[in-house]
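Remarks on the structure that follows.
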Amino acid sequence: MVRMWEDLRPMSSERAYREQLARLYERSAFYRDKLRAAGFADAAAAGGLDDIAKLPFTEKDELRQSQAATPPLGSHAAVALNEAARIYSTSGTSGVPLYIPLTRRDLDDWCEIAVRSYSRSGAKKGERWVTTYNAGPFVAAAALSAFDALGVTHIPVGTGHTEKILAALRSLAPQVLVCTPSYALHIAEQAAAKGIPTDSLQRIMVAGEPGGGEETFRRKLETAFGAKVYEVMGIGDIAASLWGECEHQAGMHFSGEGFIHVELVDPATGHPKKLADGETGELVYTHLRREAAPLLRFRSRDHVVVWSSRCACGSQALRTRCIGRTDDMLIVRGVNVFPAAVREVVARFQPRVTGAIQIRPRQRGVKQDPPLAVVVEADGDGALAGEIGKAIRDALVFTPEVRLVKPQSLPRSEYKSKLVDFSEAT
Ligand SMILES: [Zn+2]
């Protein structure tokens with residue numbers, strides 16, 4: 001019998017979950033009201049982890065509404081403002097930031113989770129790590145304390161200082177570079193253009209956006225740097241650096257054991273799916289011991305594939321790879337299109353293409369009529385556009401309109417590259 005990852009759930013998670021539910025009823029007006037409205041009078045009625053799928057999901061929009069109705073932290077927060085040790089924020093859609101408070105213990109928990117994720121591919125004392133996360137306001141900054149805790153020689157450079165990164169590559173010979181995948185590509189291109197050697201680098205740790213899990217994109221980075229690429233993935237409302245890849249590069253291992261409960265659901269129906277090898281769906285998270293802003297069944301919008309079998313590294317921890325964001329997803333005549341998957345197909349045409357693409361929908365919203373415009377950076381002509389169009393049609397079952405533009409003409413982001421641009425939409 002195949003052992004399901006759920007079967008390995010430690011008893012401490014069950015106990016922590018029940019205590020957390022009791023705390024939600026006591027301290028979070030948002031969850032008390034939400035769970036009672038769903039027919040669960042108290043924590044006992046809400047049951048244990050085996051019953052979790054009966055409870056309602058939490059959507060990001062609900063957190064925004066909760067914060068707008070009960071500023072500054074929202075009624076989902078389970079602590080007073082002065083009990084928070086740190087408050088991160090995400091850029092809100094209407095210009096109002098969404099706050100993510102953490103207590104001292106929450107911060108320590110995040111640090112431990114991030115240490116697990118970043119150490120899976122190996123971290124040696126004295127190894128030099130150049131990192132590009134800014135100190136604030138985004139949760140990625142929480143990983144900075146993990147780099148210190150790892151005992152490495154941490155060289156924080158921050159985002160937007162490419163010259164400083166190149167200088168560090170030249171003078172400090174770092175073994176590890178930590179950045180987003182699109183920024184890694186930018187650094188590789190800049191280093192090559194300026195003749196700066198990158199051979200000291202052994203590992204590129206990428207996080208913050210999917211790219212690092214795409215085979216062709218990863219190979220391009222690995223070739224450019226002559227180093228191995230390892231992916232880390234977090235989610236701001238849950239924990240920074242929640243998943244991390246080991247030396248076998250077989251998907252990112254879950255590092256939230258004991259802190260966070262993870263589920264896989266069908267994004268369309270919300271029905272639970274088995275955490276078994278090769279299953280795909282959306283990740284849903286529940287905090288088991290978060291104090292400041294605990295979330296229950298939070299929909300991540302991350303569309304992933306998972307593996308539950310034991311990894312070659314010996315770890316049984318669930319593994320995942322992100323296919324795309326359900327937020328970014330477009331639907332072309334009933335076919336789900338993930339922009340990251342389009343980028344992956346286009347990347348197969350390297351070196352004739354740079355790997356950078358942008359999708360320019362003609363209509364606002366998710367539903368699109370074919371052909372869907374895909375702008376591709378390439379050195380080529382109509383014949384190449386035709387080949388790329390055919391490859392996209394064959395692999396992803398929708399009709400694109402491939403437009404070639406000169407290499408380096410699409411915007412390069414120093415944090416996350418935008419794969420969908422609605423500026424041509426009506
Ligand atoms: Zn492993």
Side-chain angles (χ1 to χ4, degrees), residues 1-10 12-13 109-125 127 129 143 146-147 149-152 175-181 184 201-219 221-222 225 227-235 238-264 273-281 283 285 300 302-323 340 344:
M1 196 190 116
V2 179
R3 236 176 146 201
M4 288 298 168
W5 192 71
E6 289 99 323
D7 301 336
L8 303 164
R9 187 193 297 152
S12 60
S13 290
D109 287 354
W110 274 27
C111 183
E112 184 173 338
I113 293 168
V115 163
R116 290 181 192 173
S117 288
Y118 278 98
S119 61
R120 288 191 191 276
S121 67
K124 291 175 225 42
K125 203 169 161 49
E127 195 173 48
W129 288 36
F147 301 139
L150 282 167
V152 301
Q175 289 96 340
V176 177
L177 171 65
V178 183
C179 58
T180 63
L201 288 172
Q202 293 161 6
R203 304 197 297 288
I204 313 295
M205 313 268 281
V206 295
E209 56 181 8
E214 293 164 29
E215 250 343 281
T216 32
F217 191 77
R218 167 177 297 214
R219 272 202 299 276
L221 282 184
E222 293 196 332
F225 284 109
K228 287 216 168 199
V229 169
Y230 298 95
E231 203 183 7
V232 170
M233 178 173 83
I235 170 160
I238 301 298
S241 331
L242 184 53
W243 302 77
E245 208 167 3
C246 73
E247 55 178 331
H248 294 278
Q249 298 177 302
M252 294 172 278
H253 283 288
F254 183 61
S255 301
E257 192 58 53
F259 300 104
I260 289 150
H261 177 71
V262 62
E263 295 172 79
L264 188 72
K273 298 187 82 174
K274 279 270 175 219
L275 291 167
D277 278 2
E279 285 286 355
T280 61
L283 292 172
Y285 298 107
S300 68
D302 284 325
H303 197 84
V304 302
V305 55
V306 300
W307 298 275
S308 60
S309 55
R310 186 179 293 278
C311 178
C313 72
S315 170
Q316 185 81 55
L318 186 72
R319 284 171 288 138
T320 195
R321 185 145 307 199
C322 194
I323 299 168
E344 164 106 60

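Ligands are counted one by one from 1 in listed order, and the atoms in each one are counted from 1 as well.
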ask   = If you leave out waters, which protein N, O or S atoms are less than 2.8 Å from the Zn ion (ligand 1)?
value = C246 SG, H253 NE2, C311 SG, C313 SG

request  = Determine whether the side chains of S117 and S255 contain a donor N or O and an acceptor N or O closer than 3.5 Å.
outcome  =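 Note: S117 and S255 side chains meet the donor-acceptor criterion.
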
ask   = Is it true that the side chains of Q249 and E222 contain a donor and an acceptor less than 3.5 Å apart?
value =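 Yes, a side-chain donor-acceptor pair sits under 3.5 Å.
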
query = With a 4.5 Å limit on heavy-atom distance, are the side chains of T320 and V305 in contact?
reply =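 With C-beta onward as the side chain, the pair stays apart.
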
message = Looking at E279 and K274, is there a salt bridge between them, counting it only when a charged N and a carboxylate O are closer than 4.0 Å?
response =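 No, no charged N to carboxylate O under 4.0 Å.
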
key: Basic-acidic side-chain contact under 4.0 Å: E245, R218   =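 Between R218 and E245 there is a salt bridge, with a charged N closer than 4.0 Å to a carboxylate O.
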
key: F254/V262 under side chain to side chain contact (heavy atoms under 4.5 Å, CB included): CA gap, chis, key distance, verdict   = CA-CA 9 Å; F254 183 61; V262 62; 4.2 Å; yes

